[in-house]
Amino acid sequence: MTVAGIIFSNLHDQSVPELTRFRTMGSVPFGCRYRLIDFSLSNMVNSGITNIGIITHYNYQSLMDHLGTGKDWDLARRSGGIKILPPYITAFAQNGAPSLYSHRLEAIISVQSFIHDLSEEYVVCSDCDAICNIDLEKVIKAHIKNSADLTIVTKNMYVMANENRDITITRSSKDGKLLQIFPSSAVSNGFYDVSLNIMVFTKRYLESLIADSIARNYISFRSELIPRKIEQDNIMVYNYDGYFNSINSVRDYFMCNMDLLNADARNSLFSVANRPVLTKVRNSTPTYYSPDAKVKDSLIADGCHIEGVVENSILFRGVKVSKGTVVKNCILMQDTYCGSNTNLNCVITDKNVVIRDGRNLSGYETRPFFIEKDAMV
Amino acid sequence: MRKKECVAMLLAGGQGSRLYLLTENMAKPAVTFGGKYRIIDFPISNCVNSGIDTVGILTQYQPLVLNEYIGNGQPWDLDRVYGGARVLPPYQASKRADWYKGTANAIYQNLNFINQFDPDYVLILSGDHIYKMDYRKMLEFHKEKNADCTIAVIDVPLSEASRFGIMNTREDMSIYEFEEKPKNPKSTKASMGVYIFNKAKLEKYLIEDEAKENSDNDFGKNVIPAMFEGGERMFAYQFNGYWKDVGTLDSLWEANMDMLGESPVLDLTDRTNRIYSKNLATPPHFVGSGAIINNSIITEGCEIYGTVINSVLSRGVIVERDAIVRDSVIMSDCTISAGAQVDYTIMDCNVTVESNATVGKPREEAKKITLIGKELTIGAGKVVEEGTMLTPEMAKSL
């Protein structure tokens, strides 16, 4: 069994425009020391997948900086390893105007030569914002056992119909055969099997899908391609029941980070035996707590210097909290500097933000106040 | 092989018997330091930060942990095609098979390694000191003085000078006398165990030293004095900065404590010259609602629900509710259970202190530091007296 991986690094960028102005969804910082792509990348590496293509679209400089040679994921390989697949526009693009993909299917089509050249028998595709620690080996084994052409990973979750989210819902038979696939806009509130956008393809089947889509000009996986294949092909559903989260808005981003303050969520992501979440190494010093520090219910990375009060917050690497400062319900990204006697509540600071002495800033849980990269307040 | 101007040789084979249990199963340079480092990270990172990319690491005593740690040198960016980090254990040759008999003999046995790179200079380092130093500046000094051998020195208090190798120098920093642990020291310039040699001279004296039957094959005892006698140009390079020999439990504890405070004596936060270490993918540390952390260093993977004061905690340490850790160095993956109390202690990795147990005495009252060997369990409610060095047998009979 040989398996290759493909990760979409730009899909869903538009859902958190503040965070993706200068970066891909995949390189959005998350959980003190990670970038979103670390989860899908680690899931693949931990499941023995070491040939991974990462489809990029725009703003991928930060992603390239994060991934480097792939060393930190043990993916600096002579054969395989990480391959960044930049957008590919031919001179013969349709209608004369070069166009970039906006759907998952188009993205796959754009890397068809990468897929064609793979020697692996199976291909796992994953979105970059699937926050979970899943054993893909099990999914692949189920895929092989079922002699499936395509296996879609799902999880039974509560779906709110009126939410403006792009959620794909599946309906399957008892033995796991996919019967229906449709967007959440078509349903009312309730529990559904939601696609996690993690899929296992048999490589030859994936190629035939690409050929078909080009021939018939399909661009949507969910509404055009798959519904036409359900009858004739063996498309299966794999039910995952572990922790899963994804990010559809800044509010989601805030909640997902805060979720890590719950031991259950934290342990099911980070404390799984033999399945560590890998990320870029920064060699920060350990965090120092001064005699004035008062910290509770917070998740804190290395390299911080804390002299003030921190509650219910997520501190990334190299954050400084000076004397007299109170930080509550905040997400402070890498190298945020809080001067003395500041008050922050429900604030998200991007990298390298400077909060000068005596500033008072507050958002609300459902609408956290966001401060962009390199800003000074 | 391409030529390298300077090759570093790091002596990492020492047992470090004065660290007792800590070095029972591994060499001293592999001992954990400052939360996320090992002692050897300091000289290796110094090399990398000084632009020296060829580092031979001589191992002998209990090398497993050290070899595993160094691997291919990747954590320090020393996984190179030319040069990089190389572990050099003793080996068998057609005419002889020897352990490293002394520091000089260890280098002598690896002259072939050095000669591959055809270096002009050889930097000799030891793996038991905590310091940040730019060896490039020392090399420039060495070239400027047209020296054959330059020895880095640091000023120590006169009262302590008799514990070190002392260099007596002229105004131009040339050394006229070298005294190993003198009773009545004439100067306070102590050797840091950092030497730069002209390669040709080093080779000459090592070969000569090897031929002497009664030699201890030691740099300080034999090679350096021989070079004096030979009238070579010997210079002392003055280093001003933090430097500490962590060869004893007390000095290891002190060096860890030197990282604490708002402007610590040992400041590693300078971002241009980081100390690199092997990074294990551990999540950020979590601080729970009952936690009190005061003047302490906490590393990734820790979970703190109790009280931590004046302490250095390594990766993955769990301090449960109502547990107290004071004035202690706790190495990776230890658990201090609810109600337990740990004072003035160095605790090796993977120790479990069960609930309401007491280890050591508060620093104000304690006369001696307590040491807990690795992978031990201290049963609920048990008491470990101050100054104990707890072995597995003792842990069972507590």
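Labels below follow one simple rule: chain letters A, B, ... track the order of the sequence lines, proteins then strands, and each chain is numbered from 1.
Taking the six-membered ring for Trp and thresholds of 30 and 60 degrees, A:Phe270 and A:Phe39 have ring planes inclined between 30 and 60 degrees apart. Taking the six-membered ring where tryptophan is involved, the planes of B:Tyr69 and B:Trp76 are perpendicular, since the angle between them exceeds 60° and thus also 30°. Taking the six-membered ring where tryptophan is involved, the planes of B:Trp243 and B:His129 are tilted, since the angle between them lies from 30° to 60°.
For chain B, the nearby part of A:Arg266 is the side chain; its heavy atoms alone come within less than 4.5 Å. Residue A:Asp292 touches chain B through its side chain alone, counting heavy-atom pairs closer than 4.5 Å. With a 4.5 angstrom heavy-atom cutoff, A:Val295 touches chain B via backbone and side-chain atoms both. Neither the backbone nor the side chain of A:Glu311 comes within contact range of chain B; no heavy atoms are under 4.5 Å apart. Residue contact with chain A, scored on non-hydrogen atoms closer than 4.5 Å, is absent for B:Ile304. Looking at B:Asn310, neither its backbone nor its side chain comes within 4.5 Å of chain A, counting heavy atoms on both sides. For A:Phe316, no part sits under 4.5 Å from any heavy atom of chain B, backbone or side chain. Looking at A:Lys280, there are no atoms closer than 4.5 Å to chain B (heavy atoms on both sides), in backbone or side chain. In this structure, chain B has no heavy atom under 4.5 Å from any part of A:Thr279.
One finds the CG atom of A:Asn43 at 5.5 Å from the CZ atom of A:Arg275 (value rounded to the nearest 0.5 Å). In this structure, CG on B:Asn279 lies 8.0 Å from CG on A:Asp72, to the nearest 0.5 angstrom. For the atom pair CD1 (B:Ile57) and CG (B:Asn67), the distance works out to 9.0 Å, reported to the nearest 0.5 Å. Of the inter-residue distances, the one linking B:Glu262 atom CD with A:Ser290 atom OG reads 4.5 Å to the nearest 0.5 angstrom. Taken from CG in A:Leu261 to CG in A:Leu299, the straight-line distance is 6.0 Å, to the nearest 0.5 Å. Note that the OG1 atom of B:Thr345 and the CG atom of B:Leu249 stand 11.0 Å from one another [nearest 0.5 Å].
Contact annotation for residues 39-48 of chain B against chain A (heavy-atom separation below 4.5 Å): no residues qualify. Heavy-atom neighbours of chain A within the stretch residues 327-342 of chain B, taken at a separation under 4.5 angstrom, are nonexistent. Taking non-hydrogen atoms and a 4.5 Å limit, the residue list of residues 282-301 of chain B in contact with chain A, ordered by number, reads B:Thr282, B:Pro283, B:Pro284, B:His285, B:Phe286, B:Val287, B:Gly288, B:Ser289, B:Ala291, B:Ile293, B:Asn294, B:Asn295, B:Ser296, B:Ile297, B:Ile298, B:Thr299, B:Glu300. At a heavy-atom cut-off of under 4.5 Å, chain A is reached by no residue from residues 313-324 of chain B.
Within a 6.0 Å sphere centred on NZ of A:Lys294, other residues, nucleotides and ligands contribute 12 heavy atoms or fewer. Atom CD of A:Gln61 is surrounded by 12 or fewer heavy atoms from other residues, nucleotides or ligands within 6.0 Å.
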Please evaluate residues A:Asn329 and A:Asn345 with respect to the criterion side-chain hydrogen bond (donor to acceptor under 3.5 Å, both in side chains), reporting the C-alpha separation (whole Å), side-chain torsions for both, the decisive distance (0.1 Å), and the verdict.
CA-CA 6 Å; A:Asn329 312 308; A:Asn345 183 31; 3.0 Å; yes
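The most heavy-atom pairs under 4.5 Å with chain A, out of B:Gly35, B:Gly261, B:Ala281, B:Gly34, come from B:Gly261. Counting heavy-atom pairs under 4.5 Å between each of A:Asp302, A:Leu269, A:Thr285 and chain B puts A:Asp302 at the top. Ranked by heavy-atom pairs under 4.5 Å with chain A, the first of B:Val312, B:Ile309, B:Asp79 is B:Asp79.
The closest side-chain donor-acceptor pair between A:Tyr243 and A:Asp259 falls under 3.5 angstrom. B:Asp77 and B:Tyr276 are not linked by any side-chain donor-acceptor pair at a separation below 3.5 angstrom, with hydrogens and angles left out of the test.
Residues A:Cys256 and A:Ile247 share a closest heavy-atom pair of SG-CG1, 3.9 Å.
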